[in-house]
Number of protein chains: 2
Amino acid sequence: MSTNERRKKEIKEMKQEIIEAAVQLFLSDGYENVSMRKIAKKIQYSPTAIYNYFASKEEILKQLLMNGYSIFLNSLKEGVAKSEEDALSRLKASLNAYIHFGLSHPDYYRLIFIENLHLLQKIIIDEDDRTKGFQLLTELVAEAMNEGVLKKNEVQLVSQSLWASLHGITALLITFPDFGWSDFDGLIRFQVEAMIKGVS
Amino acid sequence: MSTNERRKKEIKEMKQEIIEAAVQLFLSDGYENVSMRKIAKKIQYSPTAIYNYFASKEEILKQLLMNGYSIFLNSLKEGVAKSEEDALSRLKASLNAYIHFGLSHPDYYRLIFIENLHLLQKIIIDEDDRTKGFQLLTELVAEAMNEGVLKKNEVQLVSQSLWASLHGITALLITFPDFGWSDFDGLIRFQVEAMIKGVS
DNA sequence: TTAATTTAATTTACGCTGTTAATTGTACAC
DNA sequence: GTGTACAATTAACAGCGTAAATTAAATTAA
């Protein structure tokens, strides 16, 4: 039946319309201030119409998390791709890319890594985007150890420590912008150097 | 007038009763799930009675933050006091005490340092408790630099970098307990060592 | 001691939230 | 054309933070 297929397309389009409205509202108003009714109003539907496409508000949130995480992964990969080819440069590039993503997409960072980290496990990025962020980091760490630019150690342990420091600087700069940070860029550079030195 | 003074005492007691109920509920149900109505029910008052003592729910939150921050400061000071007397030991003790506070009071840590960090500036701890947490850290860093166990550098920059890494490990362990952390205690030890080495 | 005044507590109410249930309208199959 | 499936709407529920009006109790003044 062609009507069936067209219907499927319509469902997909409607879902798309909903999450586009949701993203826009959440970027401007902040996530917690966006209600189902506001989303519905933006797309000119009644509030409960949305429930034909998403079971709950949390399901929309999950979709937003997927989108944000996809952008996050691309940022990391781009950062690494643009770097020099040696293992240390690639590792540093990934660290800088992580922080840079947070600072240029604070709402997404907050949503993914601060407020809903526990939901991340359940979210599978589509298809070939399987290389998750942390796996990328562990690969770069292992690479650096193999090339001898990083002291050999448990790869998981070192990667987790690096992630922790990355998250710390990013989360603090985002959630506490009015703290008297010495010098934004200087602090970031110092932190990245300290992280590398710390595990070297 | 003695009636006036007695009244002041009653107000203080009522406030105390309210925040005690609020703390209990928030510790068991999680902060966002505690409503004014639930607090009121617990202390056997009507919901709006609370508004004679706290202007809003946020004012109760601020009180909780103050309590939590007070516990936090005491934990830090205790940790330092119990350590060896040399500057490096004292600094390490403060780092460990920070993480330990987060792990033993995850709800308070989440409330203060993850969800409401921006409110922290406005909160002044009572009386002689003026030594704020970050100031304590900077003092220990300066001390360590003066004793020559830490490379001389901008004290603010180093302290902020250390705080960032502390926050990172603490926040991640709290908000993502189900992530496959190599070895909780081992990771913490490694992180503290890496932090010190990074700024040495 | 009684009357007037202050003030603490309650009830009522408003506008919001996420979500369920019942209802309406419309496009399709037979 | 009639019956059925289903998308969208309206109505409704239980909850939220909080403002306003009202009641009740305590304190002060006469």
(Q) Under the criterion ring pair (Phe, Tyr, Trp, His ring centres under 6.0 Å), I'd like the reasoning laid out for F101(A) against Y98(A): C-alpha separation, chi angles, the key distance, then a yes or no. (A) CA-CA 5 Å; F101(A) 167 81; Y98(A) 184 105; 7.7 Å; no

Q.
For a quick check, tell me whether the side chain of S46(B) and the base of dT11(C) share a donor-acceptor pair closer than 3.5 Å.
A. no

Q. Could you state the interatomic distance from CG (L117(A)) to CD1 (I174(B)), rounded to the nearest 0.5 Å?
A. 12.0 Å

Q: Taking the side chain as every heavy atom from C-beta outward, state whether Q191(A) and S165(A) have any pair of such atoms under 4.5 Å apart.
A: yes

Q: May I ask you to verify whether the side chain of S56(B) and the base of dT18(D) hold a donor-acceptor pair under 3.5 Å?
A: no

Q.
Can you tell me which nucleotide in dT19(C), dT17(C), dG17(D) comes closest to the side chain of S35(B)?
A. dG17(D)

Q. Separation of K57(B) atom NZ from dC16(C) atom P, in whole Å?
A. 19 Å

Q. Name the one of E20(B), K12(B), E13(B) that satisfies side chain to side chain donor-acceptor pair (under 3.5 Å) with Q16(B)?
A. E20(B)

Q) Could you state the CD-C1' distance from Q44(B) to dT10(C), rounded to the nearest angstrom? A) 14 Å

Q | Euclidean distance, atom CD of residue E32(A) to atom P of dC16(D) [Å, nearest integer] | A | 19 Å

Q.
Whole angstroms only, please: what is the CD-P distance between E58(B) and dG17(D)?
A. 13 Å

Q | Gap between atoms OH and P, on Y45(B) and dT7(C) respectively (whole Å) | A | 18 Å

Q: State the pairing partner of dG17(D); accept Watson-Crick or G-U wobble contacts with both distances under 3.5 Å, and report none otherwise.
A: dC14(C)

Q: Using a cut-off of strictly less than 4.0 Å, decide whether Y53(A) has a side-chain nitrogen or oxygen near OP1 or OP2 of dA7(D).
A: no

**Q.** For atom CD1 of I50(A) and atom C1' of dA8(D), their distance in whole Å
**A.** 12 Å

Q | Side-chain N or O of T48(A) closer than 4.0 Å to phosphate OP1/OP2 of dT9(D) | A | no

Q: Give the rounded distance in Å between these two atoms: OH of Y51(A) and P of dA21(C).
A: 13 Å

**Q.** Quiz item: R37(B) side-chain donor-acceptor pair to dG15(D) base, under 3.5 Å
**A.** no

Q: Starting from P on dT17(C), measure out to OH on Y31(A) and report it in whole angstrom.
A: 13 Å

Q: Find the partner of dA29(D): check Watson-Crick (N1-N3 plus N6-O4 or O6-N4) and G-U wobble (N1-O2, O6-N3) distances, both under 3.5 Å, and reply none if neither fits.
A: dT2(C)

Q) Do K57(A) and F26(A) meet the cation-pi criteria used here (NZ or CZ under 6.0 Å from the six-membered ring centre, within 45° of the axis)? A) no

